[in-house]
Amino acid sequence: RLAASRGSVAVALSGGSTPRALYAELALEPLRSAVPWERVHWFWGDERFVPADHPDSNARMARAAFLDHVPAPPENIHPVPTDGASPAEAAGRYAAELARVYGADRLDPGRPLFEIVLLGLGRDGHTASLFPGSPALAERERWAAAATSPDGLARITLTYPALESARAVAFLVAGPDKADILRGVLSGDSDAPAARLRPAGSLTWFVDEAALGGRAGGAGP
Ligand code: 6PG
């Protein structure tokens with residue numbers, strides 16, 4: 001998809017652990033040669049409000065998995081600025097950076113923010129850092145907001161307007177512990193944050209057998 005695109009494009013990366021293996025593939029052939037590194041700008045769908053070198057940092061995970069090992073121009077990498085006073089301040093700066101790269105601070109329906117948005121699915125149905133019951137779920141103007149995870153950790157998240165402004169949204173879901181929530185979200189009658197996403201473009205679910213409720217690794221007993 002990126003290779004077929006034209007001009008500058010933006011990708012929003014997911015955090016968490018599931019995408020790590022996918023990210024590592026981007027640093028290896030054949031994907032390494034297929035990605036037009038000079039034209040792709042890398043953002044994150046959400047971030048923990050921790051220093052860039054903190055073990056919980058989503059940006060740190062992606063840099064270690066591929067961004068530090070590919071010819072991506074440093075100016076094309078746009079981590080959430082978590083060195084400021086607060087998650088709200090970080091969200092404001094991050095949205096401003098996204099608008100700078102996009103070239104406008106109002107969304108043009110004909111020109112999505114992102115070519116690709118990668119998302120994960122939490123067991124509670126959250127995606128990015130849009131958690132059930134979060135005030136950020138109601139944000140329809142600003143592109144980024146402060147959030148708090150259920151275990152009380154400060155986060156910054158892109159909001160629905162930003163996440164939905166995408167030519168392609170891809171969820172990556174793996175493992176048996178996601179089977180229940182995935183079934184609910186795919187059933188169409190869930191109001192989980194992940195189920196509410198209405199992308200402008202395509203929506204694709206990449207799931208493994210275990211997350212589909214199958215038996216991981218072949219026939220069960
Ligand atoms: C994060 C992610 C989050 C993640 C889900 C699934 O910052 O943690 O953005 O939304 O995608 O929690 O996480 P796992 O892939 O680790 O199960």
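All of these numbers come straight from a predicted model, not from anything done at the bench. Only heavy atoms go into these numbers, but all of them, side chains included; no hydrogens, no water, no symmetry mates. Remember, it's 1-based here, ligands and their atoms both numbered in the order they're listed.
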**Message:** Using a 3.5 Å distance criterion without hydrogens, assess whether the side chain of R196 forms a donor-acceptor pair with backbone atoms of D191.
**Reply:** yes
**Request:** Compute the shortest N/O to N/O distance between S129 and ligand 1 and return yes if it is under 3.5 Å, no if not.
**Result:** no
**Asked** For atom 9 (O) of ligand 1, what's the nearest protein heavy atom and its distance?
**Response** D46 OD1, 2.6 Å
**Message:** Checking a contact table here: which protein heavy atom is nearest atom 15 (O) of ligand 1, and how many Å away?
**Reply:** T18 OG1, 2.6 Å
**Prompt:** Among all protein non-hydrogen atoms, which one is nearest to atom 5 (C) of ligand 1, and what is the separation to 0.1 Å?
**Reply:** H126 NE2, 3.5 Å
**Request:** From atom 10 (O) of ligand 1, work out which of G120, S17, G15, A128 has a heavy atom at the shortest distance.
**Result:** A128
**Heavy-atom pair of closest approach, residues A88 and A146** = N-CB, 3.8 Å
**Asked** Is the side chain of Y23 donor-acceptor paired with the backbone N or O of L67 at a distance under 3.5 Å, no angle test?
**Response** no
**Request:** Number the atoms of ligand 1 from 1 as they appear, then name those within less than 4.0 Å of a heavy atom of N58, with their elements.
**Result:** 1 (C), 7 (O)
**Asked** Looking at S14, which atoms of ligand 1 are within less than 4.0 Å of one of its heavy atoms?
**Response** 11 (O)
**Prompt:** Going by the order shown, which atoms of ligand 1 are within less than 4.0 Å of some heavy atom of K178?
**Reply:** 6 (C), 14 (P), 17 (O)
**Within-shell test, E47 vs ligand 1, heavy atom, strictly < 4.0 Å** = no
**Fill in**
Output for pair (T18 OG1, L172 CG), nearest 0.5 Å, gives 6.0 Å
**Prompt:** For atom 8 (O) of ligand 1, what's the nearest protein heavy atom and its distance?
**Reply:** R48 NH2, 2.8 Å
**Request:** Say whether, by atom type as modelled, one donor and one acceptor occur between the side chain of E47 and the main chain of I156 under 3.5 angstrom.
**Result:** no
**Asked** Would F66 and W42 count as a close aromatic pair, with their ring centres under 6.0 Å?
**Response** yes
**Request:** Answer yes or no for R123: is there a heavy-atom contact with ligand 1 below 4.0 Å?
**Result:** no
**Prompt:** Nearest protein heavy atom to atom 13 (O) of ligand 1, by residue and atom, and its distance?
**Reply:** G16 CA, 4.0 Å
**Message:** Salt bridge or not between D83 and R93? Use side-chain N to carboxylate O under 4.0 Å.
**Reply:** yes
**Prompt:** Tell me, which protein residue and heavy-atom name are nearest atom 6 (C) of ligand 1, and how many Å apart are they?
**Reply:** L121 O, 3.6 Å
**Asked** Below 4.5 Å, heavy atoms only, C-beta onward: do L158 and L98 meet side chain to side chain?
**Response** yes
**Prompt:** Under 3.5 Å, is there a donor-acceptor pair between the side chain of T127 and the main chain of G120?
**Reply:** yes
